[in-house]
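Each chain gets a letter, A, B and so on, in the order its sequence line appears, and its residues count up from 1.
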Protein chains: 2
Amino acid sequence: MLTLSTVNVNGLRAAAKKGFLEWLAGTGADVICMQETRAEPDQLPEAVREPGGWHTALAPSSAKGRAGVAIYSRAEPEDVRTGFGSAEFDESGRYLECDFPGVTVASLYLPSGDVGTPRQDEKERFMKEFGEYLADLRERAVASGREVVVCGDWNIAHREVDLKNWKANRKSAGFLPEERAWLTEVFESGYTDVVRSLHPEGPGPYSWWSYRGKAFDNDSGWRIDYQVATPGLVARATEAVVERAPSYDQRWSDHAPVTVTYDF
Amino acid sequence: MLTLSTVNVNGLRAAAKKGFLEWLAGTGADVICMQETRAEPDQLPEAVREPGGWHTALAPSSAKGRAGVAIYSRAEPEDVRTGFGSAEFDESGRYLECDFPGVTVASLYLPSGDVGTPRQDEKERFMKEFGEYLADLRERAVASGREVVVCGDWNIAHREVDLKNWKANRKSAGFLPEERAWLTEVFESGYTDVVRSLHPEGPGPYSWWSYRGKAFDNDSGWRIDYQVATPGLVARATEAVVERAPSYDQRWSDHAPVTVTYDF
DNA sequence: CTTCTGAGG
DNA sequence: CCTCTGAAG
């Protein structure tokens with residue numbers, strides 16, 4: 001049994017002040033992938049950087065206060081690797097892999113952008129490079145008989161059922177035709193969207209609600225956090241939940257943890 | 001009877017969220033001089049920009065989020081003037097005058113600096129220019145039979161009794177020999193430190209406690225907020241209080257209001 | 001609306 | 001330690 005959680009914490013320091021550590025103490029997950037830690041290891045309190053019972057792998061961004069991914073695991077990883085061989089992105093705190101027996105778990109934070117801005121161009125460059133890496137990763141997994149799951153904030157809603165307001169967002173970054181097409185390619189290249197495979201019907205479950213306006217209270221959310229896995233894992237996935245907070249004030253991030261149990 | 005308060009609000013927007021408006025509603029002051037408003041008029045909520053029963057004169061800095069002085073008064077001023085004729089400082093939100101019958105009330109926010117930094121050089125340039133202006137202001141007051149009081153954050157403790165830890169601060173900006181000498185000059189040129197004249201004994205009353213460490217709880221304060229007045233007002237000053245908050249959490253600024261009643 | 005930063009205090 | 005800012009989300 002392997003239970004995997006992924007959550008964009010929107011600042012690990014802020015999250016820790018608002019309840020992340022209580023969630024961590026209560027979770028049954030074996031591995032937790034985090035995104036947007038937005039901190040150097042030295043900036044984190046001890047209880048966050050090295051919580052008892054967990055091994056922690058951190059990949060901060062070279063730009064202070066930006067991005068940053070991490071993987072916490074009850075078992076010590078066999079190997080830890082940062083980046084995916086990209087000159088542009090390997091120091092940007094967006095990708096981290098940990099190997100466990102028979103399975104590689106990755107934490108991904110795909111750039112977010114706004115249409116017509118340099119950040120959106122960056123997102124597109126990332127998608128291109130990372131897509132190629134995913135193909136390579138899969139080939140190596142097949143060759144070595146390992147499974148792979150890439151957990152994280154992909155910053156793209158795949159289909160209309162993956163966001164509350166798809167009509168209003170047809171021209172919004174995160175739901176652009178080219179972004180959706182890219183995800184489709186990923187999902188047709190030997191990787192599967194595990195939550196959707198367990199819950200074929202939408203709408204949702206959403207995993208992100210903007211802090212702006214009343215998005216959370218109106219459940220005006222997006223499903224942009226995924227566990228994207230190779231077939232051996234998909235076949236063994238038994239349960240998926242999005243741990244939506246009970247109320248606005250009980251949130252410690254604008255994203256909710258996406259947790260999947262694998263009979264592995 | 002004229003009651004005058006002066007207080008560095010350390011961000012009028014923040015202060016308003018923490019109790020400034022309640023203090024305003026309860027004060028018996030007729031005129032309130034404020035410093036470090038740190039806001040453009042448009043950034044202020046209506047209840048702060050135009051509270052009922054008050055006339056408000058604002059002199060924001062041209063640099064957003066910095067400095068800024070204001071004068072609130074129950075009576076409408078006869079005249080309002082910003083700056084003191086300085087090319088360098090007139091747009092910096094550091095000086096504002098309001099005329100009332102027989103008396104000119106000014107709100108002053110003297111720059112603060114750190115030894116060896118450009119800000120300290122700026123403070124020194126300000127002291128020099130403003131010292132000359134004070135002499136001129138006094139001459140005009142004498143000639144026209146008006147009184148003058150310059151209220152504000154002068155960012156200088158005058159004597160050893162004016163801060164808790166004078167020995168440790170002999171080389172600190174705000175208690176440098178040259179700054180203290182400058183204040184002595186002011187106080188020997190026809191202006192008087194009204195609070196000290198009513199309370200000749202120190203230590204204190206302090207008007208500022210750093211937010212750092214336990215300065216407030218230890219009463220490790222500085223007296224840097226003054227009402228500096230011409231003789232006709234000094235002679236009529238009957239009572240002076242520093243409205244130190246009852247506890248750390250009840251503060252809405254790191255400074256306390258300094259309130260003087262004049263039998264005028 | 002929130003989290004960072006860095007300047008300023 | 002606190003309040004702004006501006007970038008970012």
Peer 1: Return the set of residues passing side-chain contact (heavy atoms from CB on, under 4.5 Å) with Val80(A) (not counting sequence neighbours), or none when no residue passes.
Peer 2: Ala57(A), Pro77(A), Leu96(A), Cys98(A)
Peer 1: Rounded at 0.5 Å granularity, tell me how far CH2 in Trp222(A) sits from CG in Asp254(A).
Peer 2: 13.0 Å
Peer 1: How does each nucleotide of nucleotides 2-9 of chain C score, in 5' to 3' order, for protein heavy atoms under 4.0 Å: base (B), sugar-phosphate only (S), or none (-)?
Peer 2: SBSSSSSB
Peer 1: Using side-chain contact (heavy atoms from CB on, under 4.5 Å) as the criterion, list what pairs up with Lys64(A), not counting sequence neighbours.
Peer 2: Glu40(A), Gln43(A)
Peer 1: Round to the nearest Å and state the distance from Asn218(B) atom CG to dC1(D) atom C1'.
Peer 2: 14 Å
Peer 1: Which residues, if any, of residues 156-163 of chain A bring a heavy atom under 4.0 Å of DNA chain C?
Peer 2: none
Peer 1: Return the value, rounded to whole Å, for the distance between atom NZ of Lys17(B) and atom C1' of dC1(C).
Peer 2: 11 Å
Peer 1: For Gln35(B) and dT3(D), give me the distance from atom CD to atom P, rounded to whole Å.
Peer 2: 17 Å
Peer 1: Applying salt bridge (charged side-chain N to carboxylate O under 4.0 Å, His left out) as the test, list every pair that has at least one member in residues 158-168 of chain B; sequence neighbours left out.
Peer 2: Asp162(B)-Arg196(B), Asp162(B)-Arg223(B)
Peer 1: Tell me, which pairs form a salt bridge (charged side-chain N to carboxylate O under 4.0 Å, His left out) where one or both residues lie in residues 107-123 of chain B, sequence neighbours left out?
Peer 2: Arg119(B)-Glu122(B), Lys123(B)-Glu179(B)
Peer 1: Can you sort out the partners of Arg170(B) under salt bridge (charged side-chain N to carboxylate O under 4.0 Å, His left out), two or more places apart, ordered by chain and number?
Peer 2: none
Peer 1: Residues two or more places apart in sequence or in another chain: which of them pass side-chain contact (heavy atoms from CB on, under 4.5 Å) with Ala29(B)?
Peer 2: Thr3(B), Ser5(B), Thr27(B), Ile32(B)
Peer 1: Nearest whole angstrom, please: distance from the P of dG9(D) to the CH2 of Trp154(A).
Peer 2: 18 Å
Peer 1: Which residues pass the side-chain contact (heavy atoms from CB on, under 4.5 Å) test with Ser247(B), not counting sequence neighbours?
Peer 2: Asp249(B), Gln250(B)
